[in-house]
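Everything on this sheet refers to the single structure shown next.
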2 protein chains.
Amino acid sequence: MPKKSSSGAPRARIEDIAQRVGVSKGAVSFALNGKPGVSEATRQRVLAVAEELDWGPNSAARALSGAGTSVIGLVIARPAKTLGIEPFFAELTSGIQAALSERGFAVQMQIVENLEAEIEIYRRWWREHRVDGVILVDRRDVDPRIEVINSLGMPAVMVGGPGAPGEIPTAWADDWEAMTSIVDYLAALGHRRIAHVGGVPEFLHSKRRTEALDAARQRLGLDELLSVVTDFSDQQGASATRRLLAAAQRPTAIIFDNDVMALAGLSVAMEMNISVPAELSVVSFDDSLLTSLTHPAITALSRDTFDFGHRVARLLFESLQEPMPAGAARNLQLPTPVLQVRASTGAVPR
Amino acid sequence: MPKKSSSGAPRARIEDIAQRVGVSKGAVSFALNGKPGVSEATRQRVLAVAEELDWGPNSAARALSGAGTSVIGLVIARPAKTLGIEPFFAELTSGIQAALSERGFAVQMQIVENLEAEIEIYRRWWREHRVDGVILVDRRDVDPRIEVINSLGMPAVMVGGPGAPGEIPTAWADDWEAMTSIVDYLAALGHRRIAHVGGVPEFLHSKRRTEALDAARQRLGLDELLSVVTDFSDQQGASATRRLLAAAQRPTAIIFDNDVMALAGLSVAMEMNISVPAELSVVSFDDSLLTSLTHPAITALSRDTFDFGHRVARLLFESLQEPMPAGAARNLQLPTPVLQVRASTGAVPR
DNA sequence: CTGAAAGCGCTTACAG
DNA sequence: CTGAAAGCGCTTACAG
C-alpha cells in the first residue's frame, strides 16, 4: 500500500473539470468520450479544460465501470538466462506493443520458470481483473493452458500451430514447410548426412520440425540421423554439436533450432578445427542479428518477427471486440520463413 | 471496450462470499485482509469460502479505494532491433520481476524509440493511475526525465550514477573503477595502444567509462587513442573496429562497451585475418552468454545482473513505502563488475 | 441538450 | 465482534 507521494501536483478528476466548466460530471464524461448529449460549445470547453489540467482517465475507475483494463498479459515460461539472449521474444514483444499502443493498451509481462507457474499467473491475473486478455507463446504438443484459458473464459491468442486449440484463435507459421525448404536446399548442395539439433520436443513447433525433417529424409533418400533433443540453451546446443561431430560418420550439415544454439555449434566446430562451410554446413532455424554477427555469418530462416507480433496483437483485438461463438475459432497463418543464405553453408565436402 | 467473454464462470466478488458466509461485506474484507474486527471462526469460514470460489481482489476496485495499482512501469528507449539482442535488459527485468512478484506486483513494459516518447509514457501512465512507480534505465549525462518525474511526484528509481539526481533514489555500479580495472589488466599484459569502442556519449555510464579510460592512459603513460562513439549497434561496432584495425598503427587491444559490439568486433578481426588474441586482445564491458559462445570466448566484465534488478526493485519498494523527504535521496551502490578473463585477451604481440 | 443518481467492487471510519 | 454506509472516479440509463 504505497502512500501518496509527497511532491507533485494532484491529478485532475472529471469532477475538477466539471466544476471549472460549470456542468455536471456526466456531461464532462460525454464530452470527453465523444458521445452525444452535449452541445458542441460545451464539448470544446470541456476538452480545453481537460487539456489544461492534464486530465487523463483514472484507469481503475474506468475498469471498475466496465471498460476493461486496457492491459494485455504476456507470460514466457523459459529460463531467464537463455531468454535474455533470444532476440525472438524481444522482437515479438515490440511488434505486439506497437499494435497495442495504437489503441492505448499496455503490456504486462512476466518471465517464469515453468508451465505450472505460467498457468497460475493467468489464473491470478484473470481473478484479479488485471488484464483483458493474454497472448500465449511456445505452444505445446499437448497444451494444458488451452483448457485453463477456456474454462476461465479469458480472451487469448495462441502463437503456434497449426490447428486451432479449442476456441482459442491461433497464429502460426508453417514450420513443416520451413524445415522442408532447409533440407531441400542442403540436399541440393549434395548433403546426405544432415543432423538436427532440435528444441524441447514438448513444443509443438519443435515436434513439427522434427517430423518434417524425417519426412524429407525419407523422400530424398537421405541417411537416417537422430534429431538431438535440447532445451534450446547454448550449453546443450554445444554439447549436442560435440557429440555429433565426434561420431565416426559425422554429419556434413547441422540444422539448429535456434540462433543461440547455431552460434554455440559454430564455436564448437572452430574448437574442433572443423572448417565451416568447407567441412560442415550450419543452418539456424531462427534469424536475428546474432546470425550475421558471426564469422562466417550463419544461413538462417528469416521472418519479420516484429510484424508477426503486430498481427498477433491485432488478432487478439478482434476477439476482444467480439468473442468467439462456441466452436468457432479464428486462425491466422503467417508467411512461411524464407531461407537467408549466408556464408555458413556450402557444397558437401568431397 | 471489450465485451464480456462468452464462456467462463463469473468471477467471485466479496459480496458473493458475504452472502454464503452470512456476514457483511465489511466483515469479509477485514477477514481477507487479516485485519482485526472479526472472530477467528468467521475469518476461517470466509477464507474457506474465498478459496472455494477462487476469489481474488478486483485490482481496479482496490486501486480505486486507494491501495495503489501494484504495477511498476519500465520503459526502455532503444531501437527494438538492438534491444532484442542485448541480454542485459532481459536479465535486469527478470531480477526486477522476481522481487516484485514476491509482493504481488506486476511489471508493465514498453519499448520506445526515443527519450521524448519515453517521457510521454511516464506522463500518461501517471495521469491514468496505471502504475505506482517506475524504474528508469540508461541514465543520461543531462537527463530531462529527472525533472519530469519530480514534477509529477511519481515514485521512481534511477539506474545509473554516480550521484543522486534530485530526489530520485539511484542505483549504480562504479563504471570508472570497472574501466580502470580493464585498462590496468591490459597494461599489465604489455598493451600500450588500447582502443575503445564506446556507446552513446549522452549516456552517463558511457561518458564515465571514456573519462576513466583517458585518466588511466595518462596515469600509465599509454598512447593517446580516441574513443570511438557508436549507438551500441552491431553495425557501428563492426565499422568502428574496421576503421581501428585498418589504421597504420593499429591498436593491440580493443575495449567494447557491450557484448554485441564485442562479438561484431571479433568477427571483423577474423575477416581481416587478425588473430585473437595473438595479434589483438578483445574485451567486452558487458558479460552474457554471448561472450562465452564465441571462439575464442571473450574476456568481459561480469556482474550479477539478475541480482542488480532485484536490488533496484527493492529500492523502489522502499520509496513507495515512505516517500523521500525533500532533498534527501536514497542511494545504492552496487558491486563493481569483476573482470572475467577468457581466451580473447593475451600478452601484447611481440 | 443537461443534471441527478445509481452502480462497478473494494476499503474504512462510524455506530451499535 | 459485527453491520450499514460513505467514498474512490468513472459510466450510463433515467428524468427533465
Side-chain angles (χ1 to χ4, degrees), chain A residues 1-4 10-46 49-50 53-71 104 125-130 132, chain B residues 1-4 10-46 49-50 53-71 104 125-130 132:
Chain A
M1 324 101 247
K3 297 199 192 123
K4 282 263 163 59
R11 287 165 278 181
R13 304 154 304 156
I14 274 197
E15 173 85 55
D16 302 318
I17 302 177
Q19 281 186 2
R20 291 235 191 171
V21 178
V23 293
S24 73
K25 283 163 50 187
V28 173
S29 175
F30 287 138
L32 290 168
N33 293 307
K35 299 215 167 151
V38 283
S39 69
E40 194 48 33
T42 307
R43 186 184 308 280
Q44 291 307 331
R45 285 236 47 210
V46 167
V49 172
L53 296 181
D54 194 33
W55 177 88
N58 181 318
S59 59
R62 238 189 200 167
L64 198 53
S65 37
T69 59
S70 294
V71 176
W125 281 358
W126 190 243
R127 206 164 42 213
E128 299 182 356
H129 297 247
R130 285 185 168 275
D132 289 341
Chain B
M1 301 113 249
K3 295 197 192 125
K4 283 261 162 61
R11 287 165 278 179
R13 305 154 303 157
I14 273 195
E15 173 85 56
D16 301 320
I17 302 177
Q19 281 187 4
R20 292 233 191 172
V21 177
V23 294
S24 73
K25 284 164 49 187
V28 173
S29 176
F30 286 138
L32 290 169
N33 292 307
K35 300 218 168 151
V38 283
S39 69
E40 194 48 34
T42 307
R43 186 186 306 279
Q44 291 307 329
R45 286 235 47 212
V46 167
V49 172
L53 296 181
D54 195 32
W55 178 88
N58 181 318
S59 60
R62 237 186 201 173
L64 198 53
S65 36
T69 59
S70 295
V71 176
W125 282 356
W126 189 243
R127 205 165 40 214
E128 299 182 356
H129 296 247
R130 286 186 167 276
D132 289 341

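Each chain gets a letter, A, B and so on, in the order its sequence line appears, and its residues count up from 1. Quick caveat: nothing in here was measured; it's all calculated off a predicted structure.
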Rounded to whole Å, please give me the gap between [atom1] in [X] and [atom2] in [N].
| X | N | atom1 | atom2 | value |
| --- | --- | --- | --- | --- |
| B:E128 | D:dT11 | CD | C1' | 16 Å |
| B:N33 | C:dG9 | CG | P | 17 Å |
| B:R13 | C:dT11 | CZ | C1' | 16 Å |
| A:I14 | C:dG3 | CD1 | P | 14 Å |
| A:E15 | D:dC8 | CD | C1' | 12 Å |
| B:R45 | D:dT2 | CZ | C1' | 16 Å |
| A:R127 | C:dC10 | CZ | C1' | 16 Å |
| B:R11 | C:dG9 | CZ | P | 10 Å |

For A:R43 and A:P36, indicate whether the former's side chain and the latter's backbone hold a donor-acceptor pair under 3.5 Å. no

Has B:S59 got a side-chain atom pairing as donor or acceptor with A:E128's backbone, closer than 3.5 angstrom? yes

Can you find a side chain N or O atom of [X] that sits less than 4.0 Å from OP1 or OP2 on [N]?
| X | N | value |
| --- | --- | --- |
| A:N58 | D:dC8 | no |
| A:R62 | D:dC10 | no |
| A:S24 | C:dT2 | no |

Using both distances under 3.5 Å as the test, list the Watson-Crick or G-U wobble partner of C:dC14, or none. D:dG3

Among the nucleotides [options], which one has an atom lying closest to any side-chain atom of [X]?
| X | options | answer |
| --- | --- | --- |
| B:A61 | D:dT12, C:dT11, C:dC10 | C:dC10 |
| B:K35 | D:dC1, C:dT12, C:dT2 | C:dT12 |
| B:S39 | D:dC10, D:dC1, C:dG9 | D:dC1 |
| A:S65 | C:dG9, D:dC10, C:dT12 | D:dC10 |

More 5' along DNA chain C: A:V38 or B:K25, using each one's nearest nucleotide? A:V38

Distance from B:R13 atom CZ to A:H129 atom NE2, nearest 0.5 Å? 9.5 Å

Rounded to the nearest 0.5 angstrom, the CD1-CH2 distance for B:I17 and B:W55 is 6.0 Å

Judged by each residue's nearest nucleotide on DNA chain D, which is more toward the 5′ side, A:S29 or B:F30? B:F30

What pair of heavy atoms forms the shortest contact from A:R130 to A:V71, and how long is it? O-CB, 3.6 Å

